[in-house]
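Here the structure is laid out as structure tokens; the discussion comes afterwards.
For ligands, and for the atoms within them, numbers begin at 1 and follow the listed sequence. Quick caveat: nothing in here was measured; it's all calculated off a predicted structure.
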Amino acid sequence: MNGLRVRDLSFSYGPKQALNTVSFDVDQGRFCALLGPNGAGKSTLFSCLTRLLTTPDGTISVAGHDLAAAPRKALAQLGIVFQQSTLDLDLTVRQNLSYFAALHGLSGRNAARRIDAALDKLHMLERSHEKARALNGGHRRRAEIARALIHDPAILLLDEPTVGLDAAARAAITDHVHALADQGTTVLWATHLTDEVAPTDHLVILHQAQVLTEGTAADICDGAPLQDVFLQRTAIPA
Ligand SMILES: Nc1ncnc2c1ncn2[C@@H]1O[C@H](COP(=O)(O)OP(=O)(O)OP(=O)(O)O)[C@@H](O)[C@H]1O
């Protein structure tokens, strides 16, 4: 399978189980929303997907590469946007991307071509010579997403990428990332905000370390508002 495959993944911080036999698939070119309330396990899952955390319990396959058995090949297929911004504010957008290109072994014309293509996808080419410090929050996020695409990964992981952004910037970024999926990039988008999920998205609801349900958002909702379905499914009995 060329997308993302997670099977029976478990992880504990000491006695605290943060992931409990989590399994789900994201087909190639699909936008998958990983929806869960605070503490559901989303960031822990991202840490396992990026090998910041490792566990012998379960398997992860990235674009056909087993993450534990072939970590370099698997990680090469991942583009990652973490919750906290990691742009160097004193560098221009282009310099931030050039630095990352160099880390991926890209240089010269090839790097310039990849940087232009990535910035163009996020409609950020015209801001490439601005310092990151001068950008608003939405444009900084778009620069980070472009940076995550430089090495042409098959799969893009975004951990609550719209935190702290206003409604217009949130909408612009969700639209841009849906467009990336339409162009063939597999997307895993972690959020606790139901309005970021489109009816046609693949949806995985994570709650208290477990997958509650997985499928197309429209099928899961069956005509009801996702907000109602989500609150009902994740209600903790008093
Ligand atoms: N370093 C840690 N040590 C102990 N427990 C942790 C640690 N990190 C997370 N946890 C616990 O693991 C569970 C899952 O946390 P995680 O951060 O993965 O959830 P999340 O869905 O990303 O939440 P949020 O939306 O608040 O970021 C929570 O109960 C959290 O308190």
Report each N/O pair between ligand 1 and the protein that falls under 3.5 Å, naming both atoms.
residue: ligand 1; atom: 18 (O); partner: T44; partner atom: N; Å: 2.9
residue: ligand 1; atom: 18 (O); partner: T44; partner atom: OG1; Å: 2.6
residue: ligand 1; atom: 19 (O); partner: G41; partner atom: N; Å: 3.1
residue: ligand 1; atom: 21 (O); partner: A40; partner atom: N; Å: 3.1
residue: ligand 1; atom: 21 (O); partner: G41; partner atom: N; Å: 2.9
residue: ligand 1; atom: 21 (O); partner: K42; partner atom: N; Å: 2.9
residue: ligand 1; atom: 21 (O); partner: K42; partner atom: NZ; Å: 2.9
residue: ligand 1; atom: 22 (O); partner: S43; partner atom: N; Å: 2.8
residue: ligand 1; atom: 22 (O); partner: S43; partner atom: OG; Å: 2.9
residue: ligand 1; atom: 23 (O); partner: G39; partner atom: N; Å: 2.7
residue: ligand 1; atom: 25 (O); partner: N38; partner atom: ND2; Å: 3.1
residue: ligand 1; atom: 25 (O); partner: K42; partner atom: NZ; Å: 3.0
residue: ligand 1; atom: 25 (O); partner: E160; partner atom: OE2; Å: 3.0
residue: ligand 1; atom: 26 (O); partner: N38; partner atom: ND2; Å: 3.1

(Q) Using the salt bridge (charged side-chain N to carboxylate O under 4.0 Å, His left out) criterion, which residues pair with R147? Sequence neighbours excluded. (A)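 Checked R147 against salt bridge (charged side-chain N to carboxylate O under 4.0 Å, His left out); matches are E144.
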Q | Non-neighbouring partners of R233 that pass salt bridge (charged side-chain N to carboxylate O under 4.0 Å, His left out), sequence neighbours left out | A |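 Scan of R233 (salt bridge (charged side-chain N to carboxylate O under 4.0 Å, His left out), adjacent residues dropped) gives none.
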Q.
Is it the case that atom CD in Q84 sees more than 12 heavy atoms from other parts of the structure closer than 6.0 Å?
A.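 Open.
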(Q) Within the 3.5 Å criterion, strictly below it, is a donor on T191 or E160 matched to an acceptor on the partner's side chain? (A)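 On atom types as modelled, these side chains do not qualify, holding no pair under 3.5 Å.
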(Q) To the nearest 0.5 Å, what is the distance between CG on D8 and CG on L19? (A)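 Between D8 CG and L19 CG, I get 12.0 Å after rounding to 0.5 Å.
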Q. Of all residues at least two apart in sequence or in a different chain, which pass the ring pair (Phe, Tyr, Trp, His ring centres under 6.0 Å) check with H192?
A.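 Here no residue qualifies.
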